[in-house]
Amino acid sequence: MAELAIALNGINKSFGPVHANRDINLDVPRGSIHGIIGENGAGKSTLMSILYGFYQADSGEISVNGKRVSIKTPNDAIAAGIGMVHQHFMLVENFTVLENIILGAEGEPLLNKSISKARSELARLEREYGLEVDPDALIEELPVGLQQRVEILKALYRGADILILDEPTGVLTPAEADHLFRILGQLKEQGKTVILITHKLREIMAITDNVSVMRQGTMVATRRTRDTTVEELAELMVGRRVLLRVQKGESTPGDVKLSVRNLTVKDSRNVTMVDNVSFDIRAGEIVGIAGVAGNGQSELIEAIAGTRRAVSGTVTLDGKPIDVTGTVDPGELRDRGLAHVPEDRHHVGLVLAFEERENSILGYHDKPRFLNGPFLDLAVIEEDAKAKIEAYDIRPGNPHLKTANFSGGNQQKIVLAREMEQDPGVLIVGQPTRGVDVGAIEFIHKRLIAMRDAGKAVLVISVELDEIRSLSDRILVMFAGRIVGERGPEATEGELGLLMAGVEQQEAAQ
Amino acid sequence: MDFFNTLTLILDSTIRLSVPLLLACLAGLYSERAGVFDIGLEGKMLAGAFAGAAGAAVLGSAWLGLLCGILVSVGLALVHGFASITHRGNQIVSGVAINFIAAGSTIILGQAWFQQGGRTPALGAGQRFEAIELPGAAALRDVPVVGQIYSELLSGHSLIAYLAFAMVPFTWWVLYRTRFGLRLRAVGENPAAVDTAGVSVTWLRYRAVICTGILTGIAGCYLSMVQNAGFVKDMTAGKGFIALAALIFAKWKPVNAMFACLLFGFLDALSIRLQGTPIMGVRVPVQLMQALPYILTVILLAGFIGKAIPPRAGGVPYVKER
């Protein structure tokens, strides 16, 4: 057996009544890429935070490179050669790359020397690992992919031999994610050990050597990646068999419900984000819009849903126009049967500080059935919330709990329940399963198909190509604000990928 | 020439009036750049003014008075730190409380100790910071313009005034050229980044509020031991709040802070100078002239300065994410 970079033995950690980690054992061989998967709340992040000294275990032993170590603070972890790339980047946005890299590892009280030392050290790391980044660029001006690279460089600068990445691809486009995997492969070749935490099975299969599965605070299995399958891992994660690709029958499209013609939308910097886009959605079909994030999908659905003003073009709902270039009242659109599940549920879809029952009627709270004279009818609202909790399996099933305390998947279910239960004719869904567990993904997909089969028109945008392919009856691909192609659900990933990268368009232009 | 003399006089008093603002403004800069909002500048200044004057009167030395002023002000700053850093309390509430404590206790203690209606005894020579003549000021007095600017405007201020202006480049250097400054700026923007880099957020923020306490203490001493010869109740008269406004106006940058404070000082000087003087034949009420700096503060903050982006983590206690 290869030497172990990390050996965890009997780790326990509780937060009040929650036993987040229960007797965890984990062996990570040196020079390997080790995946840790599990649903949200399975205890993966807690375990890694213990390893990085952010929390201390209640009991248990940690060994690094065969030596027992006591890790009480991040400093101890850094000294033991452990570096961590957090899910939410730990970068100071208005600092330069260089300033972020030396922060906490400056060496001496005056910056002059440490900065020039860091500059040459950074150049060496860049050469060695192929991690180019402009040291004088401001973090806030870098795309997320490069910001993540800065995080990796930060760890390497501190001499990390063992690199922990917590959900590294959550914010990345597929292309950026692929690039990250190549970097991780390189790190492995250089003898570094990588621990990859994720809930995306595809990533585990693509890059890891070994994989450990966590469920409800326990380590349920460790497998060699090449000896396991996606199906087995999904079952281990959720504790039951999971359908990874939702079953659905043929669609039977009816009348046109939503029609978009020559829609053009600019963003706040006056850059054209949606460029002369036209398409129709019929009753009883799901239309998916694929595209790398930032190619205008977000602005497109915001304009249709009335939360962003379009520059020109028309949109009709059931044959009647929506004033997209003027002032649209999203509330009026709801009355006309257009429901919208926004991409960003934390900032747009929910008020996290509100109770579940309040969020489950938000936007529909002025409907007569929720009112008792000028007041909210709390009894009816509570009944309604309980019914939704039941129907959508929202857990924990407490309508009085603050929404911030639900997991991502359950928060998404709260929004979906709210919008779907209004029985809209048209449903627009942005990123239906971003940050959602495998089990809940299956549920949400089934619900969307059920909407379709009930004769609704559904528009889905997602950066997950798998999701678009598995849900859609028709796939539109957006690139640089334009719709560059339409394909059926049988289109291959490669074919769509080329469209998403704008390759065909460029070839056509030559 | 008469106009030039008047201008020199106004500018000279601009500098005098700017000093306490500048010290308080820089004080706020250290704290707010570290992510701890401080509306208790006013209170710390007032307490510093009282302690400084009382200390100087009792101990008979300006320097010992200054030390008392700084210690008391730092003590209050640590109270603010204890409430808002250690106990993650609301920084605004804590700041307001400090203002009230300072306003009330200076009068009560002053009356109890000195029985002069809340005042401290008048300070004599050696108990105040005297004006310093810069070398050659007397000789150059008669050289037109340059000599006049040197001897009237630049010379003849107290040590604290020179210190205040020296603090501007020093603060800039600390912020942008030292490890402490880098971490200080980082902790005000993203404390989690500092924490994961293995640096204590708590200790860093405490050091920042201590810097604030030192500077507000000096600012208070300037009021009671330079501008005045003793403490008078409520002698800060809102200067702490104007300093806070100047800090926002300066977008939390030291050199901007100096110009902002000079501007507010200039308006103050102007309003004093113009009291009772008819402007273009119209007698402007004294009250209007006195209100001028405050009116300008409102106008400037309401929109003339563009968007002032405060340190991102400002006002938010740091809690480790679960």
Side-chain angles (χ1 to χ4, degrees), chain A residues 13 15-16 18 20 41 43 45-46 49 52-56 71-79 82-96 98-115 118 139-140 150-151 154-155 157-158 164 166 404-405, chain B residues 29-30 32-36 90 169-205 207-208 211 250-254 256 306-314 316-322:
Chain A
K13 175 74 185 174
F15 294 102
V18 183
S45 292
T46 304
S49 295
Y52 192 62
F54 231 41
Y55 304 131
Q56 284 184 60
I71 298 179
K72 290 201 172 70
T73 65
N75 261 340
D76 297 336
I78 293 165
I82 299 172
M84 183 152 178
V85 175
H86 297 263
Q87 184 176 5
H88 305 287
F89 300 151
M90 296 298 174
L91 297 171
V92 182
E93 298 222 323
N94 54 2
F95 274 24
T96 64
L98 211 51
E99 285 176 322
N100 267 290
I101 285 174
I102 62 170
L103 180 66
E106 302 90 343
E108 40 202 306
L110 299 186
L111 289 184
N112 272 348
K113 270 192 190 163
S114 23
I115 284 203
I139 294 296
E140 57 198 354
V150 176
E151 281 279 42
K154 225 168 97 178
Y157 183 75
R158 286 161 168 72
I164 306 168
D166 188 1
N405 296 338
Chain B
L29 191 144
Y30 279 93
E32 303 216 340
R33 268 299 180 103
V36 181
N90 185 302
F170 179 73
T171 300
W172 180 88
W173 179 79
V174 167
L175 277 186
Y176 298 103
R177 288 289 180 270
T178 68
R179 178 173 70 189
F180 173 64
L182 182 79
R183 293 175 175 184
L184 186 88
R185 287 183 289 133
V187 84
E189 292 288 334
N190 185 356
V194 173
D195 195 9
T196 51
V199 180
S200 164
V201 172
T202 307
W203 172 223
L204 199 49
R205 287 191 163 167
R207 277 183 288 171
C211 292
K251 299 182 180 176
W252 292 269
K253 295 194 171 87
N256 290 1
K307 204 173 172 198
I309 302 166
R312 241 161 278 192
V316 188
Y318 178 59
V319 187
K320 275 188 188 190
E321 220 179 318
R322 223 208 87 177

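In the text below, chain A, chain B and the rest are named by the order of the sequence lines, each starting its count at 1. Below, each value reflects all heavy atoms present in this structure, side chains not excepted, and no hydrogens, waters or symmetry copies. Here the structure is a predicted model, which is why all the values come from computation and not from measurement.
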Notebook entry, point to check: Is it the case that A/Asn94 and B/Glu189 place a side-chain donor and acceptor less than 3.5 Å from each other?
Noted result: yes
Please find the pair of heavy atoms, one from [X] and one from [Y], that lie closest to each other, and give the distance.
X	Y	answer
B/Gly198	A/Asn75	O-ND2, 2.8 Å
A/Val92	B/Ala193	CG2-CB, 4.1 Å
B/Arg179	A/Gly107	NH1-O, 3.4 Å

Item checked: Sub-4.5 Å side-chain heavy-atom contact between A/Leu110 and B/Trp173 -> yes
Check: Side chains of A/Glu99 and B/Leu182: closer than 4.5 Å at any heavy-atom pair?
Finding: yes
Note to self: So which residue, A/Glu93, A/His86, A/Met84, A/Glu106, ends up with the most heavy-atom pairs under 4.5 Å with chain B?
What the structure shows: A/Glu106
Item checked: Proximal component of B/Arg312, with respect to chain A [non-hydrogen, under 4.5 Å] -> side chain
Note to self: Given heavy-atom pairs under 4.5 angstrom as the criterion, report whether the side chain, backbone, both or neither of A/Phe89 touches chain B.
What the structure shows: backbone
Next item on the list: Sort A/Ile78 into side chain, backbone, both or neither according to what part of it lies under 4.5 angstrom from a heavy atom of chain B.
Entry: side chain
Notebook entry, point to check: Which is it for B/Tyr176 and A/Leu111 under the side-chain contact (heavy atoms from CB on, under 4.5 Å) test, yes or no, and what are the steps along the way?
Noted result: CA-CA 8 Å; B/Tyr176 298 103; A/Leu111 289 184; over 6 Å; no
Notebook entry, point to check: Between CG of A/Leu103 and CZ of B/Arg185, what distance do you get to the nearest 0.5 Å?
Noted result: 9.5 Å
